[in-house]
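For reference, the structure is listed below as structure tokens.
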Amino acid sequence: MGSEGPSIVTVHVTGFKKFHGVAENPTEKLVTNIKSFIEKRGLPKNLVLGSCEILETAGQGALGTLYKVLESAIADRENGSSAQGQIIWVHFGVNSGASRFALENQAVNEATFRCPDELGWKPQRVPIVPSDGSISRTRETTLPVKELTKSLRKTGYDVMPSDDAGRFVCNYVYYHSLRFAEQHGIKSLFVHVPLFSTVDEEVQIHFVTSLVEALASLN
């Protein structure tokens with residue numbers, strides 16, 4: 001049997017609520033608005049935009065929500081609604097000191113929070129998943145970060161690959177997501193965006209859309 005065009009790619013996205021020092025988190029707005037923006041613009045035929053969830057900017061305390069969100073994609077696949085294609089998670093977080101977008105290659109098994117998260121937790125040099133071993137253990141995305149970066153740069157975005165997602169909640173969520181992705185045969189990517197005062201909202205929503213489309217074209 002021949003292939004009938006590219007296989008379906010379902011992309012699920014998450015953003016974060018506000019947190020200490022960031023009164024308005026751009027990722028909350030981007031993830032909230034992406035569905036209507038993409039529907040107006042139209043999607044490639046093989047691309048499905050799945051869930052768009054906003055997470056509490058917290059580590060341990062928000063794990064239950066994170067896993068519910070991750071498992072919802074698997075439940076859809078098991079129910080047959082997206083059984084034929086690839087499932088990709090894209091997590092967006094803000095880097096308030098950044099002037100460009102960053103695609104994160106990896107997460108580290110270390111939680112060292114510079115300030116308490118939104119539920120008051122401030123771990124220092126503790127493993128995110130103790131059974132994974134030491135705090136130097138890393139997990140890498142299976143998505144081609146260099147290729148994606150190149151493609152997005154061609155479209156005109158100031159974007160770079162990064163090997164350091166920090167040690168705060170972004171890295172914490174990414175580590176759990178990469179571990180979950182490996183266990184379930186799906187893919188995960190974390191993307192840091194600047195504040196809207198550095199790169200305005202319109203540019204950022206176009207960037208998010210271009211990234212999602214680039215992921216669909218990887219097949």
Side-chain angles (χ1 to χ4, degrees), residues 9-17 19 22 25-31 34 49-60 62-63 65-67 69-70 73 86-114 117-118 128-129 132 135 137-149 151-152 157-184 186-195 199 204-205 207-215 218:
V9 178
T10 304
V11 178
H12 300 271
V13 297
T14 69
F16 287 108
K17 295 178 185 175
F19 62 99
V22 178
N25 194 325
T27 67
E28 180 168 10
K29 217 165 186 189
L30 291 169
V31 171
I34 186 68
L49 184 65
S51 59
C52 301
E53 300 283 346
I54 308 299
L55 303 171
E56 190 77 56
T57 309
Q60 262 181 345
L63 266 191
T65 311
L66 175 66
Y67 272 87
V69 165
L70 293 172
Q86 180 59 254
I87 294 170
I88 301 174
W89 275 101
V90 184
H91 305 285
F92 291 97
V94 65
N95 178 353
S96 55
S99 58
R100 58 175 70 170
F101 302 103
L103 307 187
E104 300 293 349
N105 274 311
Q106 62 182 25
V108 186
N109 190 29
E110 178 188 346
T112 295
F113 291 5
R114 65 185 184 279
D117 68 18
E118 288 302 287
I128 293 170
V129 179
D132 269 6
I135 58 172
R137 164 78 192 265
T138 57
R139 286 182 177 273
E140 291 181 14
T141 180
T142 54
L143 286 162
V145 165
K146 277 185 184 160
E147 194 181 314
L148 285 166
T149 303
S151 157
L152 289 160
Y157 298 106
D158 191 2
V159 56
M160 64 174 200
S162 164
D163 287 327
D164 185 5
R167 297 293 181 274
F168 194 46
V169 176
C170 292
N171 176 72
Y172 190 91
V173 163
Y174 195 21
Y175 192 86
H176 275 285
S177 182
L178 286 169
R179 191 169 182 267
F180 185 91
E182 188 183 306
Q183 289 167 345
H184 294 278
I186 61 178
K187 295 179 187 291
S188 173
L189 179 67
F190 198 100
V191 180
H192 269 118
V193 305
L195 293 168
V199 175
Q204 295 217 32
I205 196 93
F207 167 79
V208 170
T209 307
S210 298
L211 170 63
V212 169
E213 289 172 349
L215 289 168
L218 288 174

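With K17 as the fixed residue, the salt bridge (charged side-chain N to carboxylate O under 4.0 Å, His left out) test singles out one of E53, E56, E28: E56.
Although no hydrogens or angles enter the test, the distance criterion places a donor-acceptor pair under 3.5 Å between the side chain of Y174 and the main chain of E104. Remark: the backbone N or O of E147 is not paired with any side-chain donor or acceptor of S151 at under 3.5 angstrom. Between the side chain of N109 and the backbone N or O of Y175, no donor-acceptor pair lies under 3.5 Å. With hydrogens and angles ignored, the 3.5 Å screen pairs no side-chain donor or acceptor of N105 with any backbone N or O of P161.
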Tell me, with the steps shown, if S210 and Y157 meet side chain to side chain contact (heavy atoms under 4.5 Å, CB included). CA-CA 9 Å; S210 298; Y157 298 106; 3.0 Å; yes
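Legend: residues meeting side chain to side chain donor-acceptor pair (under 3.5 Å) with T112, ordered by chain and number and at least two apart, are E110. With sequence neighbours left out, E140 forms a salt bridge (charged side-chain N to carboxylate O under 4.0 Å, His left out) with no residue at all. For D158, the salt bridge (charged side-chain N to carboxylate O under 4.0 Å, His left out) test picks out R100, with sequence neighbours left out. Under the rule for a salt bridge (charged side-chain N to carboxylate O under 4.0 Å, His left out), the partners of R139 that lie at least two apart in sequence or sit in another chain are D132, E182. With sequence neighbours left out, E213 forms a salt bridge (charged side-chain N to carboxylate O under 4.0 Å, His left out) with R41.
Looking at H91 and F16, their side chains never come closer than 4.5 Å, going by heavy atoms from C-beta outward.
For F180 and H176, the ring centers are positioned 6.0 Å apart or more.
Listed by first and then second residue, the salt bridge (Lys or Arg N to Asp or Glu O under 4.0 Å) pairs involving residues 186-195 amount to none (not counting sequence neighbours).
Contact between S188 and S177 at its shortest, heavy atoms only, is OG-OG, 2.8 Å.
In the model, H192 has no side-chain atom that pairs as donor or acceptor with a side-chain atom of S162 under 3.5 Å.
By the 30° and 60° cut-offs, the orientation of the rings of F19 relative to F168 is tilted.
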